[in-house]
Number of protein chains: 2
Amino acid sequence: MPVSTLTDPTLKDAHYLVDTGFEHGEMLTIVGKCEVDYDGRASSHLAPGERLVILKPDGTLLVHRNKQRKPVNWQPPGSTHSARLDDNRLIVESVRSSPHEELEITFQTVVQVSRLEVDDVSDLELEGSEEDLRQRILADPDILETGFNAMATERETSAGPIDIYGQDADGTPIAVELKRRRVGPDAVSQLNRYVEALERNRPSKSVRGILVAPSVTERAKQLLTSEGLEFVSLTPEQEDISQPIGFSEDADK
Amino acid sequence: MPVSTLTDPTLKDAHYLVDTGFEHGEMLTIVGKCEVDYDGRASSHLAPGERLVILKPDGTLLVHRNKQRKPVNWQPPGSTHSARLDDNRLIVESVRSSPHEELEITFQTVVQVSRLEVDDVSDLELEGSEEDLRQRILADPDILETGFNAMATERETSAGPIDIYGQDADGTPIAVELKRRRVGPDAVSQLNRYVEALERNRPSKSVRGILVAPSVTERAKQLLTSEGLEFVSLTPEQEDISQPIGFSEDADK
DNA sequence: ATCTCCATATCGTTG
DNA sequence: CAACGATGTGGAGAT
């Protein structure tokens, strides 16, 4: 994984390294004092300060400050980067089309610029998502409600797809909406839209709606009640219900 | 803006630079081959590959690949970082409390590590947000509807705060929900919650609900109709309606 | 600390 | 391409 780094370079040398990085499709980092202008879905200006700029070969651009998780400015993947020298400044420009967005970074000084040839093909393995919660219910529908019969996932309605569609022990249709974390009123409204869409299709038959999440906020609880919807508490992770082995020696006697 | 950089360092030297960076509250970047394990709100594993790791003095940690705008793994501000050598590996660990989250990065090799002393106090000036849309309407309520009287912003209801609360020319209450971009069914449900909350408070009086956004999706349009809500098309940006000066010389004659 | 909602949200998936 | 919904959403403001 070769890396080419310049420390306290002239802007001309920095410009050269950046351009060769573009040509070779490499990741670039630039550290220096710069100002940033953005115009697109919104528009912004950031007065001069020291920042870390990252340019990725897929067209991503990030401007990071010394605080916060999110970049202060950015361009999404697919953008086109370029660099030029102008009036004793190094200017990095990034343009995106559809929607049209422009970002311009003007460096007064560059203290470090690096070309990074990055090899990374591994996939992230993530557990604890909404999909895991769905699998948990499909593997054992009774944890939702005794006698629950899961009949379809992502069942289409005029209001959008239902996470799990099924019936209770009496054959009453149920729409199930899954959330991996504590939910507010928005999730209740979402479930309500699906239930009402199902009811419009079969005006004669009542439809139950069950929200599945670890917990709900108080306002969401009120809304569930007023809309006649139900709540079941479940987390994406399996609870560890295994018993410690050889724990109750005395009790066995 | 001093910067200390090591290229292709031993893990021992990399460890030393990282530790001194922690002590001085500086931003750190580490480039190298690593694997990443996360456990907290969810859990994940990322097999070895070459990545750029950023550690900020506020406790933020970012792991960036050569693609995508979002980091593949991260820790939010407020986390506590540490580094250690173990079994010919450099291990960077980050812990957050409330909720408890751990992230561990195991470096097989480090090709570059940098300490960056970053000075940045400027504020971002952003235009085109929902707040600008609100200002636009408050400055000239007639652009929403002739005779509209804006009476409050963020007015509290049992369903949450209404962006703009007012009355039409007839004195009928109106709840206005603002969105800076094209909206789907979620925004319609949100507005509907506010309107129903207002109607519960004054069962005798009808309440109008107006969604203000650049445009709506087809499904949102259907939902607006079925819920008896209205839509007004507006963008956060002022339209430039000024006439070119001296354009119609001939027409003047 | 929790709750609520905005965001240049980003991202994957589907039609 | 638009649309729809998940996200370890992040972040701000209010309570």
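- Residue pairs meeting the salt bridge (charged side-chain N to carboxylate O under 4.0 Å, His left out) criterion with at least one partner in residues 44-65 of chain B, sequence neighbours excluded, are A:D120-B:R51, A:D120-B:R65.
- Using a 4.0 Å heavy-atom cutoff across all strands shown, A:E154 reaches no nucleic acid atom at all.
- When heavy atoms are screened at a 4.0 angstrom cut-off, B:N73 is found touching base atoms of the nucleic acid.
- Summarising the geometry, the separation between CD on B:E237 and C1' on C:dT8 is reported as 11 Å, rounded to the nearest angstrom.
- Among A:L62, A:L103, A:V63, the one residue that satisfies the side chain to side chain contact (heavy atoms under 4.5 Å, CB included) test with A:W74 is A:L62.
- Contacts of A:Q75 with the nucleic acid, taken as non-hydrogen atoms under 4.0 Å apart, are absent.
- Considering only residues two or more places apart in sequence or on other chains, B:E154 meets the salt bridge (charged side-chain N to carboxylate O under 4.0 Å, His left out) condition with B:R134.
- Results of the side chain to side chain contact (heavy atoms under 4.5 Å, CB included) test with A:L61 over A:I54, A:N73, A:I105 single out A:I105 as the only residue that passes.
- Evaluation of the salt bridge (charged side-chain N to carboxylate O under 4.0 Å, His left out) test over residues 221-233 of chain B, restricted to residues two or more places apart or in two chains, returns B:R208-B:E230.
- Using a 4.0 Å heavy-atom criterion, one finds that A:A159 contacts the sugar-phosphate atoms exclusively.
- Atom CE of A:M151 is separated from atom CD1 of A:I174 by 10.5 Å, given to the nearest 0.5 angstrom.
- For the segment residues 91-105 of chain B, the set of residues with a heavy atom within less than 4.0 Å of an atom of DNA chain D comprises B:E101, B:L103, in numerical order.
- Nucleic acid contact for A:P236: none, since no nucleic acid atom lies under 4.0 Å from a heavy atom of the residue.
- Across all strands shown, A:Q190 has heavy atoms under 4.0 Å from sugar-phosphate atoms exclusively, and none from any base.
- Look at NZ on A:K67: it is 15 Å from C1' on D:dG11, rounded to the nearest Å.
- Applying the side chain to side chain contact (heavy atoms under 4.5 Å, CB included) test to B:R181 and every residue at least two apart in sequence or in another chain returns nothing.
- Under the rule for a side chain to side chain contact (heavy atoms under 4.5 Å, CB included), A:D123 has no partner lying at least two apart in sequence or in another chain.
- Nucleotides D:dG5 and D:dT9 are separated by 12 Å at their C1' atoms, to the nearest Å.
- Taking the P atom of each, C:dC11 and D:dG11 are spaced 15 Å apart, rounded to whole Å.
- Nearest-nucleotide positions on DNA chain D place A:P161 closer to the 5' end than the other of B:V72 and A:P161.
- Atom CZ of A:R134 is separated from atom C1' of D:dG5 by 12 Å (rounded to the nearest Å).
- Nearer the 5' end of DNA chain C, as judged by each residue's closest nucleotide, is the contact made by B:L126, out of B:R69 and B:L126.
- With sequence neighbours excluded, the residues that form a side chain to side chain contact (heavy atoms under 4.5 Å, CB included) with B:P173 are B:Y165, B:K205, B:V207.
- When the side-chain nitrogen and oxygen atoms of A:K70 are compared with OP1 and OP2 of D:dG11, none of them lie within a distance under 4.0 Å.
- Residues B:N192 and B:L229 have side chains in contact (heavy-atom distance under 4.5 Å, counting atoms from C-beta outward).
- Partners of A:R200 by side chain to side chain contact (heavy atoms under 4.5 Å, CB included), not counting sequence neighbours, listed by chain and number: A:S158, A:E196, A:A197.
- D:dA6 and C:dA7 are spaced 15 Å apart, taking the C1' atom of each and rounding to whole Å.
- Backbone-only engagement by A:P77 is indicated by non-hydrogen atom pairs under 4.0 Å involving sugar-phosphate atoms exclusively.
- Salt bridge B:R84/B:E104: present, at least one basic N to carboxylate O contact under 4.0 Å.
- Atom pair B:L133:CG and C:dC6:P shows a separation of 12 Å (rounding to whole Å applied).
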With 3.5 Å as the limit, what N/O pairs link the protein to nucleotides 12-15 of chain C?
residue: C:dG12; atom: OP1; partner: B:Q68; partner atom: NE2; Å: 3.1

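- Distance CG (A:L124) to P (D:dT9): 14 Å, rounded to an integer number of Å.
- B:W74 has a side-chain polar atom (N or O) that falls below the 4.0 Å cut-off from OP1 or OP2 of D:dG10.
- Considering only side-chain N and O atoms, B:Y194 lies nowhere under 4.0 angstrom from the phosphate OP1 or OP2 of C:dT4.
- Under the 3.5 Å distance criterion, the side-chain polar atoms of A:H81 are matched with a main-chain donor or acceptor of A:T60.
- Listed for the B:H64 side chain is no donor-acceptor partner under 3.5 Å among the backbone atoms of B:V72.
- Side-chain nitrogen and oxygen atoms of A:R180 include at least one within less than 4.0 Å of the OP1 or OP2 phosphate oxygen of D:dT9.
- DNA chain C is contacted by no residue of residues 207-227 of chain B, taking any non-hydrogen atom closer than 4.0 Å.
- The separation between B:E130 atom CD and C:dT4 atom C1' is 13 Å, rounded to whole Å.
- Remark: P of D:dG11 and CG of B:D123 are 16 Å apart, rounded to the nearest angstrom.
- The listed nucleotides are C:dA7, C:dA9, C:dC5; the one nearest the side chain of B:S129 is C:dA7.
- Residues in residues 28-43 of chain B take part in these side-chain hydrogen bond (donor to acceptor under 3.5 Å, both in side chains) pairs, two or more places apart or across chains: B:D37-B:H45, B:Y38-B:E101, B:R41-B:E101.
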Requested in this report: Under the side chain to side chain contact (heavy atoms under 4.5 Å, CB included) rule, what do B:L144 and B:V212 come out as? Steps first, then yes or no, please.
Outcome: CA-CA 8 Å; B:L144 180 64; B:V212 177; 3.4 Å; yes
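- Against DNA chain C, the stretch residues 34-63 of chain B makes no heavy-atom approach under 4.0 Å.
- Rounding to whole angstrom units, CD of residue A:E127 and C1' of D:dG8 are separated by 13 Å.
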